[in-house]
Amino acid sequence: MALWVDKYRPKELSKLDYHKQQAIDLKRLCEQQDFPHLMFFGCSGAGKKTRIQCVLRELYGPSAERLRNETMNFTTPSNRKIEITTVSSNYHIELNPSDAGIYDRVVITDIIKQIAQTNIIDTNGQRDFKVIVLTEVDDLTKDAQHALRRTMEKYVATCRLILCVNSTSRVIPAIKSRCLGIRVASPTHEEIIGILNQICQKENLKLPAELARNIASKSERNLRRAILMLEACKVQKYPFTNNQDVPEIDWQRFLNETANQILMEQSPARLEKVRDRLYELLSQGIPPDIIFKVLVQVLSKKCEVEVKSQIYEFASLYEFRMQMGSKQIYHLEAFVAHFMSIYKKYLIQATEMMMDMDE
Amino acid sequence: MSRDIRSFFKIDSSNKRKNDEDPASSKNKHNKIDEEKSEHKNIKKKRRIIDSDDESDLNLKKSTSKKIKESKPEKPANEVKNIKDLFGGPIKRKERQKEVKTSPKEDVNSSVISIADEDEMAIVDQIENKLHEIKTIKSPGKENHKTNRKKEKSPEPIIKTVKTDEKKELAVKDRGSDSKSKEPKIEHEKKEQKMESSSKHQKSDSKDKDSKIEISSKPKSPEKRIKTKTPEKRCKDKEEIKVKAESSKSLSASQPTTSNKSSEGTVKPTKSDVIPKSPSKTVPRPISAPPSYSFVDKYKPTSVKQIIGQQGPQSNANKLQNWLLHWHRNHGDPTKKNKKSNPFSRDNDGSSFRAALLSGGPGIGKTTTAHLVCKELLFDVVEFNASDTRSKRLLKEEVTQLLSNKSLKGYLTGDDKTVSKRHVLIMDEVDGMAGNEDRGGVAELITLIKESHIPIICMCNDRGHPKMRSLVNYCFDLRFNKPSVNQIRSAMMSVCFKEGIKLDAGAMDAIINGTGNDVRQTLNHLAMYSASKDTKLNADKAKKNAQMSEKDIKIGPWDVIRKVFSAEEHKTMSLNDKSDLFFYDYNIAPLFVQENYLHVKPNCKDSEILDRIAKTADSISLGDTVDKRIRSNMAWSLLPTQAMFASVIPGELMEGHFNLPPVFPTWLGKNSKAQKRKRMAQEIHDHTRTATSGSRSSVRLDYAQFIVQAIVRPLKDKGSEGVKDALEVIKEYRLLREDIESLLELTSWGLSKNPWEQIDSKTKAALTRAYNKEVQAYSYSAQAGVKKKKGSGGSDEMYGDEDDENVQQSEDDEDESLEKNSMIKVKKATTKQEKETKAGSSKSTAAKSKPATKPRAKK
């Protein structure tokens with residue numbers, strides 16, 4: 001019994017719920033003999049992978065859905081043995097080169113080249129090329145991306161690449177220009193509500209409109225999260241009520257608590273406590289940019305415009321520094337320290353003004 | 001009496017040299033009677049200079065020994081006749097000319113060779129060799145006496161003379177404090193010479209030995225005769241020289257050797273050039289030390305008792321002595337197995353070890369102790385130190401050769417044909433065995449120790465060093481501690497007294513502290529003070545100087561962090577000093593600063609504190625960007641910049657005092673935890689990849705919590721009936737059992753309770769059973785098991801333990817229905833895993849789970 005999010009994932013292009021025009025275009029693209037390299041980009045939970053899977057099915061038929069896990073081993077020039085896991089069918093292979101960390105370049109040069117160089121033997125296959133799906137390409141190092149561009153051109157006869165990217169800003173222009181970019185925008189709230197309702201229909205549940213809207217807004221236009229939340233709600237309490245609590249995701253709750261702690265007290269001791277919480281978040285694998293984002297969102301709500309602008313300024317400064325540096329906690333902490341300093345001054349000023357007013 | 005002996009002893013060293021010169025001078029004289037008088041004069045003059053040098057040296061040392069000195073200089077000249085007799089007829093003209101060429105510039109010694117016939121040369125050589133070999137057989141100090149004794153006694157077996165000499169010499173040594181200063185040098189040379197000679201007489205054929213022995217008895221007697229007659233002859237020579245000196249002025253002026261100073265310096269190198277291996281090389285240096293003689297050598301202890309901090313029965317020196325003394329009794333018989341003594345007991349004498357390892361900081365007397373102990377026990381020392389190449393091959397070749405050496409004593413007395421027992425191999429600075437040169441050296445040393453027939457003494461500074469780890473197990477461990485300030489001070493004060501340095505006790509303490517109780521370093525400092533003529537050194541100045549030198553002493557990160565933020569320390573520190581703090585360990589310093597800056601209370605208004613903290617954090621964050629630059633671009637020249645941002649500026653901003661004690665950086669631990677969890681998330685992502693969409697981070701951010709809920713909730717609500725539902729989820733997402741653990745860890749946030757613990761243990765066991773029964777092996781299953789084994793222990797116990805018996809039962813049943821071999825494999829892996837997790841939590845469960853694995857193992 002899979003979770004709903006996987007259970008009700010559309011398998012064909014024609015069954016997609018939103019971006020329907022795009023789906024039609026993709027279908028036409030697949031019907032042609034030739035097929036360009038594709039780059040799907042969009043936020044997490046927008047449906048990139050779903051569309052890639054659909055495209056593959058469109059290209060190769062249902063047998064592209066028969067997936068298997070494989071582990072590939074390779075040795076780096078410095079003689080380290082690295083293994084990465086791939087998911088593959090007879091026609092395609094999906095891998096995430098950034099799994100190999102700083103050795104991602106070796107994955108590109110060795111494994112991908114090796115795959116690309118071999119031809120498909122299956123004579124009754126519909127296509128004379130196979131597909132390599134690379135995920136999280138924006139996390140690749142620049143070296144690896146450069147290694148990729150030659151591969152894309154050289155082996156175009158035997159294989160096509162489908163890249164899956166969160167943000168194109170970190171992909172080098174050379175790769176961008178070699179691909180047909182397909183933007184998968186996050187679904188709107190309405191689209192999410194529509195999908196949630198569909199699922200409830202299939203599950204024979206009755207979903208109150210209010211709850212659906214709540215879930216949609218809490219999910220931050222992340223469809224995956226929305227469906228997971230819906231299921232959690234169902235498990236928590238059924239039948240649904242209109243103002244039912246939508247369960248927050250664990251790390252979100254923790255992060256919000258942290259932000260509230262910063263607002264409650266500004267002192268070195270509190271800063272140290274916050275540091276511990278930030279450490280916990282980081283060690284749990286919560287990306288630091290998300291931490292930044294949530295903190296800024298929560299913290300700036302409590303401030304006036306002028307203070308807000310300062311907060312944004314510092315947040316952007318330290319987020320930038322974080323990208324330039326190596327120890328994320330330093331920059332998060334610096335941001336929090338600055339916020340505390342600014343906020344305390346702001347509070348003192350505010351109380352003084354209140355006093356003046358009273359007088 | 002004692003004085004006489006001492007003076008004899010002193011004269012000896014100069015005599016010895018003269019002995020070597022003797023044949024030359026005799027020949028010189030003989031030939032020069034005919035013609036070329038000027039040259040004759042020159043040589044003589046030169047000798048006179050050498051003689052007078054000797055004399056002045058002696059005068060410096062002791063005025064009491066004058067008598068003997070006066071009588072001494074005549075010796076060499078006297079030899080002339082005898083040697084002429086010995087070698088027969090006048091020397092050919094050609095050779096004389098050769099001599100003429102060489103003599104003005106070279107040492108008189110060199111003329112020995114130039115004059116002598118080849119035959120004669122061979123004989124002389126052999127004599128010398130013989131003398132030399134005997135020296136190596138016997139322990140220190142005898143060559144000084146040899147000639148001396150010979151003069152007094154009638155010809156007799158040489159070895160005996162040597163033996164008696166030795167005793168006397170030891171006695172002399174104990175009494176005379178003066179002679180101490182000279183002995184280190186002598187001993188040093190002896191060492192070299194021993195090495196040389198031992199290798200030399202190894203090369204010599206066994207055939208040679210008979211003839212050698214003959215020779216040793218023959219030519220000695222003439223030599224002795226010569227010496228008895230020397231005095232008058234010398235006098236004559238002198239007078240002659242005086243008379244002829246003026247006439248030969250022009251010639252002598254052109255000779256470089258006539259300058260008074262250079263008799264030592266210029267002579268030596270040429271000497272060794274001409275006769276590379278002749279024993280003349282071992283001639284002791286002039287008795288009084290030249291001014292360049294360092295304090296360290298000058299005041300080197302000459303007996304074990306004088307070593308600072310090595311008195312008493314429990315001292316390392318004493319232990320080493322006992323160990324060495326009983327070595328042959330303990331290890332002499334290779335067939336006898338030694339029982340291992342308890343290495344931790346206090347009175348462990350190390351009898352079971354074939355080697356000793358002396359460890360301790362520099363300058364506290366390890367090498368000195370080893371050498372002196374060997375000397376006092378009359379062991380011969382063969383030393384290898386860091387200046388020798390000690391690779392595996394070389395060690396094997398060189399050392400095994402040396403160890404199987406047979407001493408000539410055995411040949412001479414005819415009774416001892418076994419390997420000499422009186423050798424000690426000293427491997428100094430073993431921790432310096434590093435790099436390509438010495439590769440495999442330590443391993444070879446260990447095999448050497450295992451097979452050695454002689455005791456081996458190893459020395460190192462840091463016995464905790466990883467390279468030493470293997471060696472430590474084979475060695476009698478003797479750890480040298482730093483001597484206390486008091487111990488050093490008393491010894492140093494006596495040195496000061498002798499050198500005429502005025503230094504009060506406070507200054508001395510400051511110096512000693514400044515060097516970190518390093519005796520050698522302290523002596524070096526004293527030498528510097530005496531040389532700078534700054535005799536009025538007071539305690540303050542010394543302290544200052546000591547502080548200057550203290551800078552070079554490493555302080556730990558804990559002290560560094562205190563200094564970084566201490567307002568007190570900042571008063572006396574320059575910017576450079578502050579940035580130097582960072583460089584004590586630039587890897588850990590930024591971490592310490594970041595961890596601890598919040599514990600400091602800066603000296604400022606309370607309202608400013610947060611501001612300062614913000615600025616500090618900003619600087620630290622900048623420092624981190626620099627750090628990234630440095631490490632990713634190898635831009636190490638940026639280190640000073642990082643020092644500013646990561647240490648100096650924070651220190652400046654937060655200048656004050658610590659509210660809380662500094663703590664160790666938590667970043668390291670948190671980072672490794674983050675890495676571990678990242679791996680877990682990666683694994684889960686890999687496993688669930690076929691079933692889910694989404695990247696690793698989205699699996700972590702979105703899926704994790706819900707999957708855990710989907711598994712846990714049915715178990716919690718419905719008990720064992722919920723097993724089916726839970727298993728459905730596990731199967732759908734192709735999770736392994738250990739993935740559930742990982743998921744639980746990833747979704748736990750410290751305070752929140754582990755939902756797994758709330759589940760009834762029976763239900764858990766049921767789930768385990770069902771899982772084993774139904775879930776097929778995945779391609780990654782076996783692998784995951786292996787990986788996990790290496791990884792973390794101490795994870796929460798997952799599976800119910802009460803039903804282990806049942807589990808075993810049902811597993812037995814299902815085993816029969818098993819068809820796939822791969823399945824069996826997987827199960828083994830998983831049970832291993834199970835065992836491990838249980839071992840981590842409780843022993844009893846581990847014991848229980850063992851029988852469960854057995855039936856499967858049979859299959």
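Below, chain A is the first sequence line, B the second, and so on; all start at residue 1. The shown structure was predicted, so the numbers you read here are calculated from the model rather than taken from an experiment.
Using a 4.5 Å cut-off between heavy atoms, A:Asn166 makes no contact with chain B at all. Residue contact with chain A, scored on non-hydrogen atoms closer than 4.5 Å, is absent for B:Gln675. Heavy atoms of A:Lys327 lying under 4.5 Å from chain B belong to its backbone as well as its side chain. Both the backbone and the side chain of B:Tyr703 come within contact range of chain A, judged by heavy atoms closer than 4.5 Å. Interface remark: A:Arg224 contributes side-chain atoms only to the contact with chain B (heavy atom separation under 4.5 Å). Interface residue B:Lys670: backbone and side-chain heavy atoms are both found under 4.5 Å from chain A. Contact of A:Leu271 with chain B is made through backbone and side chain together, with heavy-atom distances under 4.5 Å. Of the atoms belonging to B:Leu622, heavy atoms from both backbone and side chain fall under 4.5 Å from chain A. When heavy atoms are compared at a cutoff of 4.5 Å, B:Leu598 approaches chain A by way of both its backbone and its side chain. Contacts between A:Ile348 and chain B at a heavy-atom distance below 4.5 Å are absent for every atom of the residue. With a 4.5 angstrom heavy-atom cutoff, A:Lys48 does not touch chain B via any of its atoms. In this structure, the portions of A:Met229 lying under 4.5 Å from any heavy atom of chain B include both its backbone and its side chain. There is no contact between A:Phe335 and chain B, counting heavy-atom distances below 4.5 Å. Heavy atoms of A:Glu65 lying under 4.5 Å from chain B are absent altogether. Neither the backbone nor the side chain of B:Leu727 comes within contact range of chain A; no heavy atom of the residue lies under 4.5 Å from a heavy atom of that chain. Heavy atoms closer than 4.5 Å to chain A are found in the side chain of B:Arg629, but not in its backbone. When heavy atoms are compared at a cutoff of 4.5 Å, A:Glu272 approaches chain B by way of both its backbone and its side chain.
Side-chain atoms of B:Arg700 come within 3.5 Å of backbone atoms of A:Gln284 as a donor-acceptor pair (strictly under, hydrogens ignored). Not a single donor-acceptor pair under 3.5 Å links the side chain of A:Tyr330 to the backbone N or O of B:Gly623. A donor-acceptor contact shorter than 3.5 Å is absent between the side chain of B:Asp627 and the backbone of A:Ser326.
Expressed to the nearest 0.5 Å, how far NE2 of A:His331 lies from CG of B:Asp618 amounts to 10.5 Å. To the nearest 0.5 Å, the span separating OG on B:Ser621 from CG on A:Leu317 amounts to 6.5 Å. The structure places NE2 of B:His687 at 6.5 Å from OG1 of A:Thr85, a figure rounded to the nearest 0.5 Å.
Taking each heavy atom of B:Ala674 and A:Leu282 in turn, the nearest pair found is CB-O, 4.1 Å. Here the shortest heavy-atom pairing between A:Glu248 and B:Gln705 reads O-NE2, 3.8 Å. Heavy atoms only, all atoms of each residue included: B:Ile613 and A:Ala337 are closest at CG2-CB, 4.1 Å. Residues A:His338 and B:Ala614 share a closest heavy-atom pair of NE2-O, 3.3 Å.
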For side chain to side chain contact (heavy atoms under 4.5 Å, CB included), just list the numbers for A:Lys345 and B:Asp611, CA-CA rounded to whole Å, side-chain angles, deciding distance to a tenth of an Å, and then say yes or no.
CA-CA 9 Å; A:Lys345 271 186 209 154; B:Asp611 216 30; 3.4 Å; yes
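The neighbour count for A:Gln236 CD, taken as heavy atoms of other residues, nucleotides or ligands under 6.0 Å away, is above 12. In B:Lys724, the NZ atom is not crowded: 12 or fewer heavy atoms of neighbouring residues, nucleotides or ligands sit closer than 6.0 Å. Annotation for A:Lys218: atom NZ counts as buried by contact number, over 12 foreign heavy atoms lying within 6.0 Å. Counting heavy atoms of neighbouring residues, nucleotides and ligands inside a 6.0 Å radius, atom CZ of A:Phe320 does not exceed 12 of them.
The candidate with the highest count of non-hydrogen atom pairs below 4.5 Å against chain B, out of A:Arg9, A:Met340, A:Gln266, A:Lys344, is A:Arg9. When the candidates A:Val336, A:Ile286, A:Asp99, A:Ile342 are compared by the number of heavy-atom contacts under 4.5 Å with chain B, A:Asp99 comes out ahead. Among B:Arg631, B:Gln709, B:Gln682, B:His685, the residue with the largest count of heavy-atom pairs under 4.5 Å with chain A is B:Gln682. Your options are B:Leu701, B:Ile620, B:Ile707, and the one with the most heavy-atom pairs under 4.5 Å with chain A is B:Leu701. Between chain B and the residues A:Ile84, A:Val235, A:Leu67, A:Ile249, the largest count of heavy-atom pairs under 4.5 Å involves A:Ile249. Heavy-atom pairs under 4.5 Å with chain A peak, among B:Ala691, B:Ala704, B:Ser697, at B:Ala691. Contacts with chain A were tallied for B:Thr625, B:Asp702, B:Thr666, B:Val626; B:Asp702 has the most, counting heavy-atom pairs under 4.5 Å.
Using a 4.5 Å heavy-atom threshold, the side chains of B:Gln594 and A:Arg275 count as touching. A heavy-atom distance below 4.5 Å is not found between the side chains of B:Asp624 and A:Arg321.
Look at A:Glu280 and B:Arg677 and you find a salt bridge, because one of the NZ, NE, NH1 or NH2 atoms lies within 4.0 Å of a carboxylate O, short of that distance.
Side-chain contact of A:Asp6 with B:Thr692: a donor-acceptor pair under 3.5 Å is absent, judged by distance alone.
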